[in-house]
Amino acid sequence: MTTEVLIAGAGPTGLMLAYELALAGVGTVVLEKLPRRVEQVKGGAIQPRTAELLEARGLLEPLLEVALPRAPVGGHFAALPVALDCTPWRTRHPFPIAVPQGEVERVLEERAVRAGARVVRGAAVTGVEQDDDGVAVAAEGLRARARFLVACDGGHSTVRKLLALPFPGTPGTRRALLADIRLPAVSPLVPREMGHISTLVRRAGGHWAMLVPLGGDRYRLTAGRVDGSDAVRDLPATVGREEIADALRAVYGPEVVLGAVDNSSRFSDAARQVERYRLGRVLFAGDAAHIHPPLGGQGLNLGIQDAFNLGWKLAATLQGRAPGGLLDSYHAERHPAGARVLHHTSAQGVLADPDPGAGLAALRDIVTELLRLPDTNRHLAGLMSGLALSYPLPGDHPLTGQRVPDVELATEAGPTRVPALLAAGHAVLLDLAGALPAGLRLPPRVDLVRATDGGASGAAALLVRPDGYVCWASDGPDAGGATVRAAIAGGLAVAPSP
């Protein structure tokens with residue numbers, strides 16, 4: 001088998017990347033070790049910035065159709081009882097959206113395959129060799145070669161281990177179980193609706209637990225021991241039925257009856273990150289590049305945003321359109337973003353300790369008071385939602401490096417919004433004040449759109465990357481053709497060689 005890009009792992013990160021590459025016309029094959037998709041809920045939280053990106057590709061609507069019922073309530077920091085308010089960040093998606101991970105994978109796989117990607121299941125990677133021209137991969141029952149391999153194969157990444165890459169960080173000190181279960185009988189302590197996380201976490205009988213109602217008799221259970229005694233490394237990988245029943249009885253009472261266990265797994269609070277997201281012809285994304293404590297619904301979102309950042313850069317490189325260093329900017333931009341998530345989830349892990357002493361309880365009270373201050377809440381809301389993320393791109397305009405404002409536009413073809421312009425995965429040069437000359441020649445996959453926005457965006461012209469970040473902006477009619485062409489050639493795309 002030969003292709004342009006091989007992706008190891010058909011989780012949300014790998015499938016999102018497959019769609020981005022296929023959308024750009026890049027031959028892509030995804031190798032997945034599991035024979036079929038696991039219908040699991042897992043974290044299942046789509047954060048506001050991820051929702052914006054998915055909407056820009058036309059992927060949000062099918063996910064909203066399968067979203068779980070959830071009150072319109074903000075996210076959280078360390079499960080403290082103050083909802084994070086994202087409205088100051090001018091987003092149309094201010095609340096996390098609850099979608100089971102299995103549904104996210106289904107929608108992404110369907111779109112990726114429709115766009116031309118291929119998903120091969122039951123193909124666990126067993127060998128990786130790279131040279132100057134590409135990568136050879138051995139998997140169960142096949143051999144494949146590609147110009148690049150992207151490891152999206154999770155926190156226990158086989159690709160990372162085959163290449164003997166270190167995974168520095170801190171080991172887990174606590175472990176917990178995660179299970180999708182059915183409860184034919186419940187007690188009054190079992191929540192009836194999915195509200196703010198602070199209303200769902202309970203502690204009793206030496207256990208802590210969180211039950212999230214999924215509809216009918218279905219629940220997602222997260223649970224562990226308050227004293228951390230379940231952190232021992234020799235625990236079996238599988239979660240026993242009696243272990244789940246014990247936690248339910250201890251926290252929610254003997255009236256709770258455990259029915260079917262649809263799936264279960266364990267996780268820890270380890271925090272690790274590869275030192276480089278690129279090793280020659282092999283790149284890393286999602287949990288293969290970083291793992292962190294599962295607080296605040298960050299993991300799925302961090303991986304999908306890795307894919308959005310990498311996809312257009314890898315496509316431009318393969319198609320001869322990339323300016324020098326574009327592919328390496330993936331590491332330069334996403335490694336700090338991952339490190340930031342490791343940092344704040346580790347801090348949340350301290351605050352959310354299920355067995356706090358008096359000092360930690362006092363600290364929680366202080367941080368809760370701070371969260372009620374508008375400036376503190378806005379800062380942490382931007383951090384947890386991803387809306388505050390910016391990249392250090394060259395340029396003095398305040399919009400440079402920021403996510404593009406989602407504003408209403410008036411065009412000759414009729415009214416539209418900025419996300420609709422990004423559906424094809426192209427970069428967009430947006431002329432909002434007639435500032436750009438007629439007949440401006442642009443490289444392939446850079447679309448010129450002339451529109452008006454009533455000044456809502458705060459610029460006369462914007463150059464928007466395919467991942468929705470502004471890489472050049474101008475306030476006035478001085479945005480000449482040479483200036484914008486230099487901005488495109490410097491950080492976005494060049495005309496391919498004849």
Check this for me, if you would: do [X] and [Y] make a salt bridge, where the nitrogen-to-carboxylate-oxygen distance has to be below 4.0 angstrom?
X      : Y      : answer
Arg372 : Glu369 : no
Arg225 : Glu243 : no
Lys313 : Glu20  : no
Asp269 : Arg174 : no
Glu39  : Arg218 : no
Arg378 : Asp85  : no

Exam field: side chain [X] to backbone [Y], donor-acceptor pair closer than 3.5 Å:
X      : Y      : value
His207 : Gly205 : yes
Thr345 : Val341 : yes
Gln298 : Met384 : yes
Arg364 : Ile366 : no
Arg220 : Ile181 : no
Asn301 : Gly297 : yes
Thr400 : Asp396 : no
Ser187 : Tyr252 : yes
Arg278 : Arg276 : no
His335 : Val274 : yes

Regarding [X] and the six-membered ring of [Y], is the cationic atom NZ or CZ under 6.0 Å from the ring centre and inside 45° of its axis?
X      : Y      : answer
Arg160 : Phe167 : yes
Arg403 : Phe308 : no
Arg111 : Tyr19  : no

To the nearest 0.5 Å, what is the distance between [atom1] on [X] and [atom2] on [Y]?
X      : Y      : atom1 : atom2 : value
Asp153 : Asp287 : CG    : CG    : 10.0 Å
Arg182 : Leu214 : CZ    : CG    : 9.0 Å
Ile244 : Ser264 : CD1   : OG    : 5.0 Å
Leu360 : Asp355 : CG    : CG    : 9.5 Å
Ser390 : Leu399 : OG    : CG    : 11.5 Å
Leu149 : Leu31  : CG    : CG    : 8.0 Å

Side chain to side chain contact (heavy atoms under 4.5 Å, CB included) between Leu17 and Thr13, intermediate numbers included: CA-CA 6 Å; Leu17 179 60; Thr13 303; 5.6 Å; no
Could you check if a side-chain atom of Ser198 sits within less than 4.5 angstrom of a side-chain atom of His76, using non-hydrogen atoms only? no
Would you call the rings of Tyr330 and Tyr277 parallel, tilted or perpendicular, where under 30° means parallel and over 60° means perpendicular? tilted
Set of residues satisfying salt bridge (charged side-chain N to carboxylate O under 4.0 Å, His left out) with respect to Arg417, sequence neighbours excluded: Glu55, Asp406
Glu110 meets the salt bridge (charged side-chain N to carboxylate O under 4.0 Å, His left out) criterion, sequence neighbours left out, with Arg106
Scan side-chain atoms only and decide if Gln40 and Asp180 contain a donor-acceptor pair under the 3.5 Å cut-off. no
With no hydrogens and no angle check, do the side chains of Asp306 and His290 hold a donor and an acceptor under 3.5 Å apart? yes
Please check if the distance between the ring centroids of Tyr391 and Tyr469 is under 6.0 Å. yes
Could you go through the salt bridge (Lys or Arg N to Asp or Glu O under 4.0 Å) check for Glu255 and Arg249 one step at a time? CA-CA 8 Å; Glu255 307 99 311; Arg249 283 192 296 266; over 6 Å; no
